[in-house]
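Here is the structure we will look at, set down as structure tokens.
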Amino acid sequence: RAGFDTVDAFIDYSLTVHNRRKSRAGRALQHHATAVFQREGLRFTAQATTERNHKPDFLFPGEAEYRNPAYPQSSLTVLAAKSTCKERWRQILAEADRLPVKRLLTRDLFLTAPTLDEMARQGVVVVLPVPDRATYTAPLLDRMLSLTEFVEMVRHQQAT
């Protein structure tokens, strides 16, 4: 109501509001994913602690199994959740050193072939909710998992 003394003050304020909104969207995505995984009966740890105190959003089947060197790597999965990717997808690369492949659940509707190429080179597989897949063409979809496919993959891992 009082206005802003400078343009910089206005920009600082608007960035604060914008970042709060993005943070809430990210937390909402994590909460929705948690509800799906619980409904599907999957075992997982949310916000587990891995190397160098990193906290991936989800470890399947859990933190104890991840920390057990005798537990087969092929039965472990890490999943990050980011409502949008931009360059922030790179943050997940250090979250679980034991696993060369990281999966990233996102609602980002603007991933490009070059971005997916770079993600693949870094061992990142994108997971999209089924409704969001309608915005992508078949060649790009072939390089992603649906959330349904991801759940089935984890269910299969946990059954063995």
Report task. Please list, chain by chain and in numerical order, all residues satisfying side chain to side chain donor-acceptor pair (under 3.5 Å) with R43, sequence neighbours excluded. Result -> none
**Report entry** Approximate separation, where rounding is to 0.5 Å, of L104 CG and F150 CZ
**Finding:** 10.5 Å
**Report entry** side-chain contact (heavy atoms from CB on, under 4.5 Å) partners for T45, two or more places apart
**Finding:** A48, E63
Query raised in the report: So if you build clusters from Ile, Leu, Val, Met, Phe, Trp, Tyr with side-chain heavy-atom gaps below 4.5 Å, do V151 and F60 land together?
Result: yes
Requested in this report: Check side-chain contact (heavy atoms from CB on, under 4.5 Å) between A113 and all other residues, then give those that pass, not counting sequence neighbours.
Outcome: L140, R143
List the atom pairs, with distances to 0.1 Å, where a side-chain N or O of residues 32-42 and a protein N or O form a donor-acceptor pair under 3.5 Å, not counting sequence neighbours.
{"unit_1": "T34", "atom_1": "OG1", "unit_2": "Q30", "atom_2": "O", "d": "2.9"}
{"unit_1": "E40", "atom_1": "OE1", "unit_2": "R155", "atom_2": "NH2", "d": "2.5"}

Query raised in the report: Rounded to the nearest 0.5 Å, how far apart are CG of L29 and CG of D57?
Result: 8.5 Å
Report summary line: Residues passing the side chain to side chain donor-acceptor pair (under 3.5 Å) test with T49, sequence neighbours excluded, are K55
Query - Partner set under side-chain contact (heavy atoms from CB on, under 4.5 Å) for V125, not counting sequence neighbours - result: V101, R103, L145
Query raised in the report: Looking at residues at least two apart in the chain, or sitting in another chain, which of them share a side-chain contact (heavy atoms from CB on, under 4.5 Å) with P139?
Result: T137
Report summary line: d(S74 OG, Q157 CD) to nearest 0.5 Å is 7.5 Å
Query raised in the report: Between the side chains of Q73 and Y66, does any donor sit under 3.5 Å from an acceptor?
Result: no
**Report entry** Cluster overlap L147 with F44, hydrophobic side-chain contacts below 4.5 Å
**Finding:** yes
**Report entry** Residue pair Y136 / D108: nearest heavy atoms and the distance that separates them
**Finding:** OH-O, 2.7 Å
**Report entry** Non-neighbouring partners of E65 that pass side chain to side chain donor-acceptor pair (under 3.5 Å), sequence neighbours left out
**Finding:** none
Query raised in the report: Taking atom types as modelled, is there a side-chain donor on Q122 or K102 under 3.5 Å from an acceptor on the other?
Result: no
Report summary line: Connected to L109, directly or through other members, by ILVMFWY side-chain contacts below 4.5 Å are F110
Report task. Sequence neighbours left out, what passes side chain to side chain donor-acceptor pair (under 3.5 Å) with D132? Give chain and number order. Result -> R107
Requested in this report: Kindly state each residue pair satisfying salt bridge (Lys or Arg N to Asp or Glu O under 4.0 Å) with at least one member in residues 90-100, sequence neighbours excluded.
Outcome: R52-D97, E87-R90, R90-E118
Query - Same apolar cluster: V78 and V124, side chain cutoff 4.5 Å - result: no
